[in-house]
Structures are given as structure tokens and as C-alpha cells.
**Q** 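Following this message is one structure expressed as C-alpha cells.
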Amino acid sequence: MIGIIVTGHGGFAAGMEKNVKMLAGADTQLAAIDFMEGMTPEELSEKLKAQIGAYASCAHVLILTDLVGGTPYNCAATLSVEEPKIRVIGGVNSALLMEACMCNVIGEEPEDPDQFVEELIEHAREGMIKFVLDTPAADDGEDEDGI
């Protein structure tokens with residue numbers, strides 16, 4: 001099992017947790033830790049440390065944050081320096097989080113955590129597209145052969 005923590009500003013983490021649990025329909029082994037207004041970075045770090053401790057039996061812990069450079073990301077990055085089994089991804093989206101959680105649902109643990117993180121990021125990129133309405137060209141009423 002991979003220890004997965006999602007964190008972010010306001011209710012971001014709780015919302016992402018609800019989103020994935022609704023879609024996955026199973027126990028995803030996901031912890032959500034929100035960085036709420038009035039909370040200090042130290043308080044967030046303590047909550048993250050406690051959850052990392054709860055994942056002591058996991059070979060790898062993945063911390064997914066809302067914004068690169070934000071307080072949740074910075075706290076997670078600092079903890080990853082102290083604990084080699086932690087990997088951090090900033091800018092999480094639903095596709096990335098779902099892919100990470102599905103490893104736990106199906107009981108598949110990645111052998112190489114760095115390669116796993118790269119695959120998650122690529123999957124997240126593939127899950128983002130721009131909608132373009134493809135409309136047929138206007139018919140000018142003339143046939144090409146002049147008839």
C-alpha cells in the first residue's frame with residue numbers, strides 16, 4: 001500500500017477526498033489534510049507528520065498538494081527532505097489523485113516510486129484537454145463541378 005495524503009488550502013483536500021471516494025467506490029487509503037484559515041505552517045506540518053506516522057508500514061508516502069510554492073507544498077517538501085520515503089507532487093488534479101488511489105484499491109504497489117510519480121504526472125497531463133466545438137464548414141450553395 002502507498003500512503004497517500006492530499007493537502008491544500010481551505011477545503012481543497014476534503015473536496016478531493018470526496019471526489020475520489022465517490023468515483024472509486026472503494027477504500028482508497030487516502031488522508032485529507034486541509035490548511036485552514038488561521039492555521040500556522042507548523043500546525044499543518046504536525047498534522048502531516050502525524051499522518052506520515054500512521055503510514056509507518058508503507059514503503060512509500062505520496063503527498064499531493066494544490067499549488068506549487070504554497071504553504072502545503074512547502075511543508076510537504078520540507079518533510080520529504082527529512083524522510084526519504086516521501087514523494088511530493090504539487091498541482092494535483094482529480095485524474096492524478098484517482099490514478100494514485102487506484103493502486104491501493106487494486107493492491108498494486110510501485111517498485112520505483114520516482115517512476116511512479118513521473119507516470120502520475122503524465123497521466124494528469126493527459127487528463128487535461130481543451131474543448132473545441134468542431135463545426136462543419138458553411139455551405140455556399142455551389143457545387144465544385146459547376147452544376
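Residues: numbered from 1 along the sequence shown.
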**Q** For E37, does the CD atom have more than 12 heavy-atom neighbours from other residues, nucleotides or ligands under 6.0 Å away?
**A**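 No, not enclosed.
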**Q** Any side-chain heavy-atom pair from V117 and I89 closer than 4.5 angstrom?
**A**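 The answer is yes; the side chains approach within 4.5 Å.
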**Q** Check whether any side-chain heavy atom of V20 lies under 4.5 Å from a side-chain heavy atom of S94, and answer yes or no.
**A**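 Not touching, per the 4.5 Å side-chain cut-off.
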**Q** Got Y73 and V88 here, is their nearest side-chain heavy-atom distance under 4.5 Å?
**A**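 When only atoms from C-beta onward are counted, V88 and Y73 do touch, with a gap below 4.5 Å.
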**Q** Would a distance-only check, ignoring hydrogens and angles, find a side-chain to backbone donor-acceptor pair under 3.5 Å from E99 to L120?
**A**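 Not at all, since once roles are kept as given, no pair shorter than 3.5 Å links the two residues.
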**Q** Tell me the closest heavy-atom pair linking C58 and K85, and the distance in Å.
**A**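 For C58 and K85, the tightest heavy-atom pair comes out as O-NZ, 2.9 Å.
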**Q** Does D66 reach the main-chain N or O of H9 with its side chain, forming a donor-acceptor pair under 3.5 Å?
**A**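 Pair found, side chain donor or acceptor close to backbone of H9.
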**Q** How far apart are the closest heavy atoms of A32 and A13, and which atoms are they?
**A**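 What the structure gives for the nearest pair is CB-O, 3.5 Å.
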**Q** Which heavy atom in M36 sits nearest to a heavy atom in G10, and how many Å separate them?
**A**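 That would be SD-O, 3.1 Å.
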**Q** Are the side chains of I2 and V61 in contact, using a 4.5 Å heavy-atom criterion?
**A**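 No; the side chains remain at least 4.5 Å from each other.
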**Q** For E111, does the CD atom sit with more than 12 other heavy atoms under 6.0 Å from it, leaving out its own atoms?
**A**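 No, not enclosed.
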**Q** Within the 4.5 Å heavy-atom criterion, are L96 and H123 side-chain neighbours or not?
**A**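 A side-chain contact under 4.5 Å is absent here.
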**Q** Is the shortest side-chain heavy-atom distance between E118 and D114 below 4.5 Å?
**A**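 They are not in side-chain contact.
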**Q** Testing V92, I5, N93 one by one against L64 for a side chain to side chain contact (heavy atoms under 4.5 Å, CB included), which residue passes?
**A**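 Considering V92, I5, N93, a side chain to side chain contact (heavy atoms under 4.5 Å, CB included) with L64 is found only for V92.
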**Q** For A77, is there any backbone N or O sitting under 3.5 Å from a side-chain donor or acceptor partner on S80?
**A**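 Checking the backbone N and O of A77 against the side chain of S80, a donor-acceptor pair under 3.5 Å is found.
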**Q** Determine whether a donor-acceptor pair (N or O, by modelled atom type, separation under 3.5 Å) exists between the side chain of K47 and the backbone of I33.
**A**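 It does not hold such a pair.
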